[in-house]
**Q** 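Dropping a structure here in structure tokens format, bear with me for questions.
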Amino acid sequence: MPELNLVLLGPPGSGKGTQGERLNDDLRLPYYATGDILRGAVRDATELGKSAKEYMDRGDLVPDEVIVGVIAERIDSEEAKDGFILDGFPRTTPQAEALDAKLVELGRAVTAVLLIDVADEEVVRRLGGRRTCEAEGHVYHVEFNPPKVEGVCDVDGSPLIVRDDDQPDVIRRRLDTYHEKTEPLVSYYEGKGVLKRVDGERDPAQVTEELRGLLGSLRS
Ligand code: AP5
């Protein structure tokens, strides 16, 4: 089976986490979500968490040098030898170049970048109603994807919380940051011929089906 080195790209709230969880169940590849890694580090008050918190609370990106090493180490591990799913990385051109350099060093390359397209107004609607599992980061929405019991995670029974960066002014800032720093990666990966675009404004199940179709054709 050919290896699958996948990147999920899209604005905040486009559904990267929602779809990433489902692809992870399908593909059984290691799933590295930099937002989850950083929130875990903040919770555990590690050096990484301490240096990341102020940027995250403002809706800014943490510096490239803080995050690149975190991902490079995971990609270069035994568990990622058949591939991986990256969610939230790369987010800047220097991060994309660092990822390419690491993969070249390993004799590998990005197989596909799955861009989940969603307009800004929809992002604001989604993030305003998002609820996140405190323990493992499982994602819900009060209207579009409610848990079976209000305020409780279906998967592990943990309390559901509103993320610190899901406040209206921080959501706007994150969107601005996306357009300025991350959106240039669309043409970066188009130029490499690996970008696959999906319409993220449909039902989550329809988005999953399209992604599965794309991945099926990549694997065959
Ligand atoms: P991160 O956690 O990666 O945040 P993000 O990219 O802003 O993405 P989100 O987690 O907000 O959204 P998502 O696309 O995963 O959508 P979700 O599935 O939850 O990063 C947080 C912070 O960490 C950054 O701001 C930055 O400071 C730092 N950081 C992380 N990586 C970094 C890096 N590489 N470099 C520098 N800094 C970094 O869905 C959203 C909501 O919509 C949910 O409620 C969900 O239920 C609902 N939903 C999902 N799909 C649908 C659908 N199809 N229809 C209706 N509702 C839907």
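First listed ligand is number 1; within each ligand, the first listed atom is number 1. Along the sequence shown, residues carry numbers from 1.
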**Q** Given that the side chain starts at C-beta and the backbone is N, CA, C, O, which of these parts of Arg39 lies under 4.0 Å from ligand 1, counting heavy atoms, or is it both or neither?
**A**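 Just the side chain.
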**Q** For ligand 1, is any non-hydrogen atom under 4.0 Å from Thr92's backbone (N, CA, C, O), its side chain (CB onward), both, or neither?
**A**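 Under 4.0 Å from ligand 1, Thr92 contributes no heavy atoms.
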**Q** Under 4.0 Å from a heavy atom of Gln95: give me the atoms of ligand 1 that qualify, with their elements.
**A**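 Reading through ligand 1 atom by atom, the close ones are 33 (C), 34 (N), 35 (N), 36 (C).
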**Q** Should the proximity of Pro11 to ligand 1, defined as any heavy atom under 4.0 Å, be assigned to the side chain, the backbone, both, or neither?
**A**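 Backbone only; the side chain of Pro11 stays clear of ligand 1.
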**Q** Look at atom 37 (N) of ligand 1 and say which protein heavy atom is nearest, naming residue and atom and giving the distance to 0.1 Å.
**A**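 Here the nearest protein heavy atom works out to Val62 N, 3.1 Å.
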**Q** Looking at Arg74 and Glu79, is any side-chain nitrogen of the basic one under 4.0 Å from a carboxylate oxygen of the acidic one?
**A**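 Answer for the salt bridge query: no.
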**Q** Counting heavy atoms only, which part of Tyr178 comes closer than 4.0 Å to ligand 1: side chain, backbone, both or neither?
**A**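 The answer is neither.
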**Q** Which of the listed options, Arg174, Arg173, Arg91, holds the heavy atom that is closest to atom 33 (C) of ligand 1?
**A**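 That would be Arg91.
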**Q** When you group the ILVMFWY residues by side-chain heavy-atom contacts below 4.5 Å and let the links chain together, are Val186 and Leu175 in the same group?
**A**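 Leu175 does not cluster with Val186.
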**Q** Are the charged groups of Asp57 and Lys53 less than 4.0 angstrom apart, N to O?
**A** yes
**Q** I want to check something: taking the side chain as every heavy atom from C-beta on, are Leu211 and Gln19 in contact at a cut-off of under 4.5 Å?
**A**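 In short, these two side chains touch, coming nearer than 4.5 Å.
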**Q** Taking only heavy atoms of His141, which atoms of ligand 1 are found under 4.0 Å from at least one of them?
**A**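 Reading through ligand 1 atom by atom, the close ones are 44 (O), 46 (O).
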**Q** For Gly17 and ligand 1, does the shortest N/O to N/O distance drop below 3.5 Å?
**A**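 Looking only at distances, the answer is yes, because the N/O contact criterion of under 3.5 Å is met.
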**Q** Would you say the side-chain atoms of His141 pair up with the backbone N or O of Arg126, donor to acceptor, closer than 3.5 Å?
**A**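 Looks like yes, one N/O pair under 3.5 Å.
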**Q** Taking 4.0 angstrom as the limit, do Glu54 and Arg58 come out as a salt bridge?
**A**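 So Glu54 pairs with Arg58 through a salt bridge.
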**Q** With a 4.0 Å cut-off on heavy atoms, does Gly10 reach ligand 1?
**A**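 Outside the 4.0 Å threshold, so no.
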**Q** Check for a donor-acceptor pair, side chain of Asp165 on one end and backbone N or O of Gly59 on the other, with a separation under 3.5 Å.
**A**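 Side chain of Asp165 to backbone of Gly59, a donor-acceptor pair under 3.5 Å: no, none is there.
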**Q** Any idea which atoms of ligand 1 are less than 4.0 Å away from a heavy-atom of Thr34?
**A**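 Answer for ligand 1: 30 (C), 31 (N), 32 (C), 34 (N).
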**Q** What I want to know is whether Asp166 and ligand 1 share at least one N or O pair that is separated by under 3.5 angstrom.
**A** no
**Q** Could you see which bit of Gln19 sits under 4.0 Å from ligand 1, with heavy atoms only: side chain, backbone, both or neither?
**A**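 The answer is neither; Gln19 stays 4.0 Å or more away.
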**Q** Under 3.5 Å between any N/O of Gly13 and any N/O of ligand 1: does that happen in this structure?
**A** yes
**Q** So, regarding Gly88 and ligand 1 (criterion: nitrogen or oxygen to nitrogen or oxygen, under 3.5 Å), is there a contact or not?
**A**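 Min N/O separation from ligand 1 is below 3.5 Å for Gly88.
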**Q** What do you reckon, does Ser14 put a non-hydrogen atom under 4.0 Å from ligand 1?
**A**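 Ser14: in contact with ligand 1 (<4.0 Å).
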**Q** For ligand 1, is there an N or O atom under 3.5 Å from any N or O atom of Asp165?
**A** no
**Q** Quick one: does Arg131 get a heavy atom under 4.0 Å from ligand 1?
**A** no
**Q** Which is closest to atom 28 (C) of ligand 1 by heavy-atom distance: Val118, Ile116, Leu38, Leu86?
**A**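 Going through Val118, Ile116, Leu38, Leu86 one by one, Leu38 has the nearest heavy atom to atom 28 (C) of ligand 1.
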**Q** One thing to verify: whether Arg197 and Glu190 come together as a salt bridge, which I'm taking to mean a side-chain N less than 4.0 angstrom from a carboxylate O.
**A**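 Looking at Glu190 and Arg197, the cut-off is met.
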**Q** Can you list the atoms of ligand 1 that are under 4.0 Å from a heavy atom of Phe144?
**A** 55 (C), 56 (N)
**Q** Between Asp87, Asp60, Ile37, Thr18, flag the one that comes closest to atom 25 (O) of ligand 1 by a heavy atom.
**A** Asp60
**Q** Could you check which of Arg163, Glu54, Lys53, Arg126 puts a non-hydrogen atom nearest to atom 4 (O) of ligand 1?
**A** Arg163
**Q** Check step by step if side chain to side chain donor-acceptor pair (under 3.5 Å) holds for Tyr31 and Asp87.
**A** CA-CA 8 Å; Tyr31 170 56; Asp87 166 358; 2.6 Å; yes
**Q** Classify the contact between Leu61 and ligand 1 as side chain, backbone, both or neither, using a heavy-atom distance cut-off of under 4.0 Å.
**A** both
**Q** Whether Asp169 and Arg172 form a salt bridge (side-chain N of Lys/Arg under 4.0 Å from carboxylate O of Asp/Glu) is what I want to check.
**A** no
**Q** May I ask you to decide whether Asp166 forms a salt bridge with Arg174, counting only side-chain N to carboxylate O separations under 4.0 Å?
**A** yes
**Q** Backbone or side chain, does any N or O of Asp36 fall under 3.5 Å from an N or O of ligand 1?
**A**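 Checking ligand 1 against Asp36, no N or O pair falls under 3.5 Å apart.
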**Q** Checking Glu201 side chain against Ala119 main chain: does a donor-acceptor pair fall under 3.5 Å?
**A** yes
**Q** Any Lys/Arg nitrogen of Lys192 or Asp100 sitting under 4.0 Å from an Asp/Glu carboxylate oxygen of the other?
**A** yes
